[in-house]
Structures are given as C-alpha cells and as structure tokens.
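The next block holds one structure in the form of structure tokens; read it before the comments.
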Amino acid sequence: MDLGWLLWTSFLILVPFILMEISSSFKFHFKLVSYCVLCLLISALAAPMCLLRNGGRTVDNMRIISRVVRSLKYFFGIRFEVKGLENFQIDGPCVIISNHQSILDMMGLMEILPDRCVQIAKKELMYAGSVGLLTYLGGVIYINRKRTSDAKSIMAAVAQAMISDNLKVWVYPEGTRNNTGDLLPFKKGAFHLALQSQVPIIPVVYSSFTSFYNQKKNLFTGGTIKVEILPKIDTSDFTEKDITDLTEKCHQTMRQVFFRLSNKPYKDNGQSNCAQ
Ligand SMILES: CCCCCC/C=C\CCCCCCCCCC(=O)SCCNC(=O)CCNC(=O)[C@H](O)C(C)(C)COP(=O)(O)OP(=O)(O)OC[C@H]1O[C@@H](n2cnc3c(N)ncnc32)[C@H](O)[C@@H]1OP(=O)(O)O
Ligand SMILES: CCCCCCCC/C=C\CCCCCCCC(=O)OC[C@@H](O)COP(=O)(O)O
C-alpha cells in the first residue's frame, strides 16, 4: 500500500479526535477564564460595598463578601450539600482547617463561612486586582511561603490577634491546591497556631471535585460538592512536643471523611502525613 495514502487516511481518521480535543480544551479554558472574570467583577462590585458599609479593612466585611460570592455557584451549576454546621457554634476563637483542591474552593469557603473568620493566604493573592483588594478589605492574613521565619512570626502575631479580637482563622494545611483525589501531607502552621492560642481545631472536609472538575481531562461541568464540618478537636491535651501527633490525627480523620464523601474506598497510605 502507498505510504502517502496510508498517512493521509490516518490523518483523516485522527482529525475528529484532534478537533474534539481542541474543543474540550477550549471549553474548559473558556469556563475557567469566565470564573476568573466573574471573580474579578463581583470583587469590583463588593469592594465599594465593603468600603461604604465598614470603611476599611475589617473582618465584618466577610459577611458582605460571603453573600456576594455565594451567587457564583448558580453560574457554574455547583450545588452544596452541607452537614455539621452546628459544629461551628462554639463560643470564641478556633482554627478551622480544610482541604484545598482548586480556585473553585472560594465558593465552598463562602458557602459556610462562620462569623468573624479570616483566612491565611499566600501573599501573591494581594496582587490579583480587585480580588486582591477584596481579600485585603476582608482582613485576610498574608504569608510569604518562601520565607519560613516571616511566615512563623506572622502566625505568632495571628495567635495573639485571635484571642484579643475573637477571631476564627481558616487555614488550608496542605499549603497549596491539590486536585489529585487524595490529601497532601499537612504543614504544621495551623497546629502551632491552635496550640499557641490554646483554641480548638474544627476540621472541614469537601468531597473530591475530580468527577466534575479535572484540569488534566479538560473537565469542568456542574456537580455537587458534599461538605462536612466535623466536631471540634480539643487541643488542651496537646503540647508543642505532640505537634506531629496532633497533625497526624487531624489528617487521618479528614482523609477518612474525604474518601467517604467522595464515595471512594478508604486505603491507609502507610506514610507520614506531616509535610517534611
Ligand atoms: C471566588 C471569588 C473570590 C472573590 C474574592 C474573595 C475575597 C475574599 C475572600 C477571602 C478568601 C481568601 C482565601 C484565600 C485562600 C488562599 C489559600 C492559600 O493561599 S493556601 C497557601 C497559603 N497557606 C498556607 O500555606 C497554610 C499552610 N501552611 C503552613 O501552615 C506552613 O507551616 C507555614 C506557611 C506557616 C510555614 O510554611 P513553610 O515555610 O513551608 O515551613 P514548614 O515546612 O511548614 O515549617 C518549618 C518548621 O517550622 C515549624 N513551624 C511552622 N509554623 C510554625 C509556627 N507558627 N510556630 C512555630 N513553628 C512553626 C514547623 O513545625 C517546621 O518544623 P519541624 O521541626 O519540621 O516540625
Ligand atoms: C491588575 C492585576 C490583575 C490580576 C488579575 C489576576 C487574575 C486572577 C483573578 C481571579 C482569580 C480568582 C481567584 C480566586 C481566589 C483563589 C484563591 C486560591 O485558591 O489561591 C490559591 C492558593 O490557595 C494556593 O496557591 P497555589 O496552589 O500554591 O498556587
């Protein structure tokens, strides 16, 4: 058989697949860009509302921010099934830890955000245009992940502010976005924070997004996210020397819930769950 003819035939057979791939990649990126544009737009809308209502940077702005951000889910066909909201009903400050899969997490965060709660974020977020401005107005605490000593001293100041200003602090202990269908090992900042300020930890788990959002497969459709707010973990029995045990305990508890909510069989990963 003529080689040229064979190559042409193979090419023609592949054309529909190539077009499908380009179109699914286009659709995925179009939706992702739309999400970012909407974030920028609603942030530009919410920032003046915060300034008019509360005058400047304060955690009180989080009420306005969460109300506005909650509208985003309707644009993307995302539904939330929330369990355990009563576990947020505690007097006083606490550290809230949750898994972090993607930038879509902002919707899940705002869906259940309790009163007087600020988040720890990478400092680069400050420069994300109107989104950055809104995070600033909401009282988000920025850390420089490239300088451990700076991050630690900011966390020490946060430990004091939590008590003096009666704040809840939301930390993503994986320290980065992770959409692998499992949890990454936890960094220890959140646990030092809870011990230094002698407050309980409340774990929050979101089910895996992989069935409706997957960057590698260009998948971004609507879907349901299950959220569970777990009972508080009392830290009064732990001291700084038990930090690894506390981190492991929280990771194990959350990983079990993560697999259950994501309808996946739980397997022990047989490794340390603290980031080294
Ligand atoms: C959708 C619309 C949007 C619209 C806009 C919305 C607007 C507003 C809404 C606001 C919402 C904003 C939410 C933003 C979310 C953003 C999420 C993120 O940015 S995630 C990334 C940043 N977060 C984190 O990194 C938190 C988790 N990381 C940690 O806890 C880390 O430990 C650290 C950052 C504190 C330090 O990290 P690193 O430099 O990598 O160092 P480590 O390896 O973790 O630790 C080294 C050793 O130091 C010990 N350690 C850590 N912390 C402390 C401490 N506070 N005190 C004392 N010692 C500490 C640690 O134990 C290690 O020692 P070892 O001996 O090895 O145990
Ligand atoms: C004038 C400057 C214009 C800048 C334009 C910036 C465009 C960005 C616009 C919208 C983005 C919406 C992002 C919503 C907030 C997402 C917070 C977030 O999820 O941060 C990721 C961080 O947790 C971990 O980062 P890495 O996974 O380690 O990386």
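For this chain, numbers begin at 1 and follow the sequence in order. Order of listing sets the numbers, starting from 1, for every ligand and every atom in it.
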Atoms in ligand 2 with a heavy atom of H100 nearer than 4.0 Å: 19 (O), 21 (C), 22 (C), 23 (O), 24 (C)

Atom indices of ligand 2, in the order listed, that fall short of 4.0 Å to a heavy atom of I103: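 Matching atoms, with element in brackets: 16 (C), 19 (O).
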
Heavy atom of the protein closest to atom 14 (C) of ligand 2 (residue, atom name, distance):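 Closest protein heavy atom to atom 14 (C) of ligand 2: M106 CG, 3.9 Å.
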
Close-contact set for ligand 1 against S43 heavy atoms, below 4.0 Å: 4 (C), 5 (C)

Atoms in ligand 1 with a heavy atom of L125 nearer than 4.0 Å: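 Checking each atom against L125, I get 14 (C).
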
Heavy-atom gap L109 to ligand 1 smaller than 4.0 Å: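 Checking ligand 1 against L109, which is what was asked, there is a heavy-atom contact under 4.0 Å.
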
R145 heavy atom under 4.0 Å from ligand 2: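 The answer is yes: ligand 2 sits under 4.0 Å from a heavy atom of R145.
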
Within-shell test, D105 vs ligand 2, heavy atom, strictly < 4.0 Å: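 The answer is no: ligand 2 sits nowhere under 4.0 Å from a heavy atom of D105.
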
Looking at [atom], is any protein heavy atom nearer than 4.0 Å to it?
atom	value
atom 41 (O) of ligand 1	yes
atom 62 (C) of ligand 1	no
atom 38 (P) of ligand 1	yes

Minimum non-hydrogen distance to atom 47 (C) of ligand 1, winning option of K188, K152, M155: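 Selected option, by shortest heavy-atom distance: K152.
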
For atom 7 (C) of ligand 1, the option (of I97, I143, T135) bearing the nearest heavy atom: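 Minimum heavy-atom distance to atom 7 (C) of ligand 1 goes to T135.
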
